[in-house]
Amino acid sequence: MNFLDELNEAQRAAVLCNDVPTLVIAGAGSGKTRVLTYKIAYLLSQGVPSYAILALTFTNKAAREMKERIGSLVDIHTVRRLAMGTFHSVFSRILRSEAEKIGFTSNFTIYDSADSKSLIKAIIKEMQLDDKQYKPQNVAARISNAKNKLISAQMYLSDAEMLHADVRSRMPMVKDIYQIYAARCKQADAMDFDDLLFYTNVLFKQNPEVLEKYRRIFQYILVDEYQDTNYAQYLIVQRLAEKHRRVCVVGDDAQSIYSFRGADISNILHFKNVYPESKTFKLEQNYRSTQNIVNAANSLIRKNKNQLHKNVFSEKSEGAPITVLSTFSDMEESFLVSRQIAAMMARNRYNYSDFAILYRTNAQSRVFEESLRKLSIPYKIYGGLSFYQRKEIKDVIAYLRLSLNKNDEEAFRRIVNYPTRGIGATTVAKVEDCARTQEITAMEVMANPLAFNLDVNAGTAKKLIAFSAMMNEFSQIAQTQDAYQTANKIIKQSGISEDVYKDKSVESISRQENIEELLSAIHGFVEDRLEQGETAAPLSDFLSEVSLLTDQDKEGEEDRNKVTLMTVHAAKGLEFKNVFVVGLEEQLFPSERSVNSENDLEEERRLFYVAITRAEEHCTISYARSRFRNGQTNYSNPSRFIHDIDERYLVLPDEMRSLEPRFSGLKDYQSFGNRDVAKPVSGLDFRKLKPVSASPARSHNGVGAQHSSLTPGTRIRHERFGTGTIESINGEGDNTKIWVDFGNNERRQLLLKFAKFTIL
DNA sequence: GTAAGAAAAATTTTT
DNA sequence: TTTTTCTTAC
């Protein structure tokens with residue numbers, strides 16, 4: 001195999017090892033994707049049929065790119081038949097073909113996160129719970145969490161740990177919401193994202209013959225980004241690989257940044273325990289970045305306790321040190337970064353696409369937009385509201401969904417009165433109420449409201465029947481015509497086009513463009529299908545594909561040669577010649593919500609590690625002493641993470657002179673925006689200026705008085721986190737904080753004033 | 001049933 | 001600050 005010569009020793013060894021479980025620990029920039037693509041190409045060249053290779057990636061984009069690369073190594077036609085894609089897309093296809101076995105139809109709808117949240121919100125309302133206490137977002141997260149751990153609604157009822165956690169977060173009714181939510185999804189013939197993994201496990205568990213079938217088909221299993229898999233994903237892989245054990249997982253524990261979504265880093269840390277005969281390969285040579293960048297990143301990640309030992313090194317040139325930029329305000333930060341990009345463009349032969357600005361939160365993009373535009377630098381922002389989340393797109397999709405699945409409750413609710421047709425909230429509530437008590441679908445009630453003794457006047461009843469008739473017609477169209485024709489007709493006949501095209505406002509035009517774009521996407525889908533020799537391109541196929549797409553999957557020609565702006569999360573897996581990591585401030589990066597938990601803090605540090613290791617040639621870190629956030633100016637200190645990097649690899653700002661405006665571009669800076677005048681920060685910590693509460697320190701559980709007796713080593717029981725040992729006590733009065741080790745790797749800092757615990 | 005104004009909330013998010 | 005959700009008056 002001549003292409004094997006293009007690999008280094010460790011990479012080649014990993015590619016050639018295919019008969020035992022294989023763990024590839026791949027440092028940043030070490031050619032992880034290369035190993036995966038060459039491994040697949042190698043297997044194909046050894047005569048393994050393409051359908052026997054199951055390759056699971058974390059994004060559609062990664063799958064597509066990998067397919068392209070493999071296509072350049074082997075015959076393009078074999079590549080098409082690879083079972084390659086995200087967990088969600090691969091297993092949603094399997095679920096569709098086996099749907100009846102688990103009580104769904106093959107046309108089931110996929111609820112996106114907005115649908116789930118909206119349904120949960122509706123349930124909370126029906127249960128007459130306070131939605132301040134039961135925030136749909138939080139409840140959704142709890143349910144998602146349970147599903148990722150494969151805890152069904154039924155099992156949840158007897159899961160002491162989950163129930164306890166709900167009580168502690170003052171949401172004891174989550175268990176009941178979960179019951180209803182699960183039942184309603186099933187009734188609607190709908191699965192949410194988590195269900196796709198959850199029900200795959202159910203399918204395999206309840207139908208051994210089905211599992212056996214797929215075990216036989218998927219002879220080789222490869223998983224990318226294994227550090228970010230959750231338990232449900234782990235178990236799917238485990239089940240499929242259990243017998244033949246030809247499984248290869250690739251990942252980097254140092255880049256695990258999705259635990260807040262259920263990713264479990266122990267999947268990769270404990271792979272060896274699950275597969276004792278496995279072989280481990282470490283890819284440690286970084287081909288992406290200069291030595292300085294690699295060394296700086298290494299010194300940072302060394303501060304984390306939880307990690308596999310690695311020695312990532314670079315043989316590229318030493319390169320420039322990482323520059324740390326201190327600025328007075330977020331606006332100055334954006335200005336200096338933009339100006340730096342302009343300067344580098346002028347000096348070197350860079351393209352705009354060689355630059356990326358990475359931040360912790362999407363909200364930070366705004367000021368950069370402004371200053372980049374001022375300097376006429378083209379840019380592209382990733383994230384924010386994605387195409388498929390836009391209202392007008394979701395509306396159209398909802399029509400398409402309801403045409404195929406009359407049970408789709410969320411689609412129904414969304415469009416029953418859009419465009420407005422005189423079916424208001426009260427009426428809808430009556431219809432839904434009736435549907436629930438009669439145990440039928442809302443659409444059935446709509447078709448014949450009088451038969452169900454619905455308490456509406458004749459005029460309203462007529463409207464309901466009209467809507468029902470219209471949807472029936474759409475269903476007919478959807479079953480006989482292709483996706484493009486169907487969508488086209490629905491948009492015209494539903495009144496959407498009338499509504500969207502009626503005025504010429506900027507928003508309205510943009511909505512029109514979006515709908516056009518959707519239509520052309522559907523058109524493209526149909527053509528694609530026909531080209532590939534399929535006989536038909538029905539709407540159902542389009543919908544099942546589109547619900548798993550994200551913005552990053554749409555490639556835009558117009559995006560070439562632009563500066564990239566994105567969150568660090570979104571930058572995972574990407575690389576740029578020049579990277580600016582901005583907003584390195586306490587309370588922002590690390591996020592203020594993470595600082596009280598050692599585990600969360602380590603994840604933030606990994607996130608920073610990911611950010612730095614995106615850079616090939618230059619990396620610049622910046623922080624602003626004042627930042628406009630949530631409507632007010634906040635002051636903060638440079639991030640602790642900057643101090644985690646070995647100073648040998650940094651150029652630090654001369655903070656002693658920072659009270660004087662040093663930057664030469666003062667004039668430009670002021671002209672470019674003056675929301676607030678950047679103030680030099682004296683040694684004062686503004687947060688301490690808040691009035692001290694007049695009431696005496698509250699005592700909880702009657703322990704307040706005993707707090708003076710706390711010393712390191714004291715055992716306590718915390719209401720929320722369980723029992724732990726006090727490690728240290730800092731600060732005075734109301735500001736006293738303690739670090740507590742709760743075992744299980746969980747260290748937390750608690751503010752004594754608020755912490756509810758008892759001394760043991 | 002709708003539209004306009006008030007009030008409240010505002011991480012990260014491959015699917 | 002902006003964005004979303006809730007109230008209130010027509």
Side-chain angles (χ1 to χ4, degrees), chain A residues 56-64 85-92 110-118 121 125 131-132 135-137 140-141 144 147-148 191-198 224-225 227-230 232-233 255 257-263 330 358-364 366-367 370 382-386 388-389 391 417 420-428 459-460 463 545-553 566-574 583 587-595 600 603-604 606-608 610-611 627-634 675-676:
Chain A
L56 298 164
T57 61
F58 251 70
T59 60
N60 295 303
K61 195 175 157 210
R64 197 177 53 230
T86 62
F87 274 89
H88 292 82
S89 83
V90 168
F91 293 108
S92 73
I110 297 174
Y111 275 175
D112 67 15
S113 334
D115 293 320
S116 334
K117 233 169 77 183
S118 143
K121 197 176 169 181
K125 204 163 180 186
D131 66 356
K132 297 271 167 358
K135 295 203 179 108
Q137 173 73 59
S144 167
K147 285 184 187 170
N148 288 156
M191 294 197 198
D192 65 21
F193 289 142
D194 301 315
D195 283 334
L196 295 175
L197 306 174
F198 179 86
D224 194 10
E225 305 282 13
Q227 77 280 359
D228 280 324
T229 50
N230 60 35
Q233 291 167 321
Q255 296 185 62
I257 54 175
Y258 280 100
S259 77
F260 69 95
R261 287 189 38 169
D330 49 345
L358 308 181
Y359 33 76
R360 179 65 243 265
T361 65
N362 276 313
Q364 288 166 259
R366 196 170 228 108
V367 278
E370 220 175 292
Y382 290 82
L385 198 58
S386 91
Y388 294 105
Q389 313 258 14
K391 183 191 175 303
N417 196 31
T420 48
R421 48 174 70 87
I423 305 173
T426 329
T427 312
V428 174
T460 309
K463 288 173 189 161
E545 212 161 277
V546 81
S547 44
L548 295 174
L549 282 186
T550 58
D551 245 23
Q552 311 221 350
D553 298 319
M566 55 171 54
T567 63
V568 183
H569 281 95
K572 190 173 116 175
L574 305 179
Q587 278 125 39
L588 181 63
F589 201 170
S591 132
E592 56 190 329
R593 289 150 125 109
S594 72
V595 295
D600 292 354
E603 178 150 320
E604 293 278 310
R606 291 194 292 269
L607 192 57
F608 187 34
V610 168
R627 180 173 294 279
F628 201 68
R629 252 218 292 183
N630 300 342
Q632 48 181 315
T633 307
N634 292 287
R675 212 189 315 89
D676 73 297

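Chain naming here is simple, since letters A, B, ... match the order of the sequence lines and numbering starts at 1 in each.
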- Query: Judged by atom type as modelled, is there a donor-acceptor pair below 3.5 Å linking the side chain of A/Asp112 to the main-chain atoms of A/Asp115?
  - Reply: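 Answer holds: yes.
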- Hey, does the side chain of A/Asp192 reach the backbone of A/Ser116 with a donor-acceptor pair shorter than 3.5 angstrom?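 No, because the side chain of A/Asp192 does not come within donor-acceptor range (under 3.5 Å) of the backbone of A/Ser116.
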- Apply side chain to side chain contact (heavy atoms under 4.5 Å, CB included) to the pair A/Ile423 and A/Val428, showing each step before the final yes or no. CA-CA 7 Å; A/Ile423 305 173; A/Val428 174; 3.9 Å; yes
Mind checking [X] for me? I need base, sugar-phosphate or nothing, with any heavy atom below 4.0 Å counting as a touch.
X        : result
A/Ser92  : nothing
A/Gly424 : sugar-phosphate
A/Glu604 : base
A/Asp112 : nothing
A/Phe87  : nothing
A/Ser113 : base

- Item | B/dT12 base / A/Arg360 side chain donor-acceptor hit below 3.5 Å |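 Flag set: donor-acceptor pair detected.
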To the nearest angstrom, how far is [X] atom [atom1] from [N] atom [atom2]?
X        : N      : atom1 : atom2 : value
A/Gln587 : B/dA10 : CD    : C1'   : 16 Å
A/Asn148 : B/dT13 : CG    : C1'   : 12 Å
A/Arg593 : B/dT13 : CZ    : P     : 14 Å
A/Lys391 : C/dT3  : NZ    : C1'   : 16 Å
A/Lys117 : B/dA10 : NZ    : C1'   : 12 Å
A/Arg627 : B/dA10 : CZ    : C1'   : 15 Å
A/Tyr382 : B/dT12 : OH    : P     : 18 Å
A/Asp194 : B/dT13 : CG    : P     : 17 Å

- Message: So, does A/Ser594 get its side chain near the phosphate of B/dT11, meaning an N or O under 4.0 Å from OP1 or OP2?
- Response: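 The answer is no; no side-chain N or O of A/Ser594 sits under 4.0 Å from OP1 or OP2.
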- A/Asn362 side-chain N/O to B/dA10 phosphate OP1/OP2 under 4.0 Å: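 For A/Asn362, the contact criterion (side-chain N or O under 4.0 Å from OP1 or OP2 of B/dA10) is not met.
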Nearest 0.5 angstrom please: [X] [atom1] to [Y] [atom2], how far?
X        : Y        : atom1 : atom2 : answer
A/Ser594 : A/Phe589 : OG    : CZ    : 9.5 Å
A/Arg360 : A/Thr567 : CZ    : OG1   : 8.0 Å
A/Asp224 : A/Thr59  : CG    : OG1   : 8.5 Å
A/Thr361 : A/His569 : OG1   : NE2   : 11.5 Å

- Stacking of A/Phe628 on C/dT1 base (centres under 5.5 Å, planes under 30°):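 It does not: the ring fails the test against the base of C/dT1.
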- Pair A/Phe58 + A/His88: ring centers closer than 6.0 Å: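 Distance test on ring centres: not under 6.0 Å, no.
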Of the listed nucleotides [options], the one nearest the side chain of [X]:
X        : options               : result
A/Arg366 : C/dT3, B/dT14, B/dT12 : C/dT3
A/Ser591 : B/dT13, B/dT2, B/dT11 : B/dT11
A/Thr427 : B/dG1, B/dT13, B/dT11 : B/dG1

- Item | A/Asp195 side chain reached by A/Ile110 side chain, heavy atoms, under 4.5 Å |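 When only atoms from C-beta onward are counted, A/Asp195 and A/Ile110 do not touch, as no gap falls below 4.5 Å.
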- Item | Atom P, compared across C/dT5 and B/dT12: separation rounded to whole Å |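 The answer is 16 Å between these two P atoms.
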- Residue whose nearest DNA chain B nucleotide is more 5′ - A/Asn630 or A/Lys572: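 Upstream on the strand: A/Asn630.
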- Symbol by symbol from the 5' end, with Watson-Crick or G-U pairs under 3.5 Å, [ ] crossing and | another strand, DNA chain B is ||||||||||.....
Atom pairs, protein N/O to nucleotides 6-10 of chain C N/O, distance under 3.5 Å:
{"unit_1": "C/dC6", "atom_1": "OP1", "unit_2": "A/Asp131", "atom_2": "OD2", "d": "3.2"}

- Message: We want to know whether A/Ser144 and A/Asp194 form a side-chain donor-acceptor pair, criterion being a heavy-atom distance below 3.5 angstrom.
- Response: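 Indeed, the side chains of A/Ser144 and A/Asp194 share at least one donor-acceptor pair under 3.5 Å.
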- Task: Heavy atoms only: give me the nearest A/Gln255-A/Asp228 pair and the separation to one decimal.
- Result: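 Looking at all heavy atoms of both residues, the shortest contact is O-OD2, 3.8 Å.
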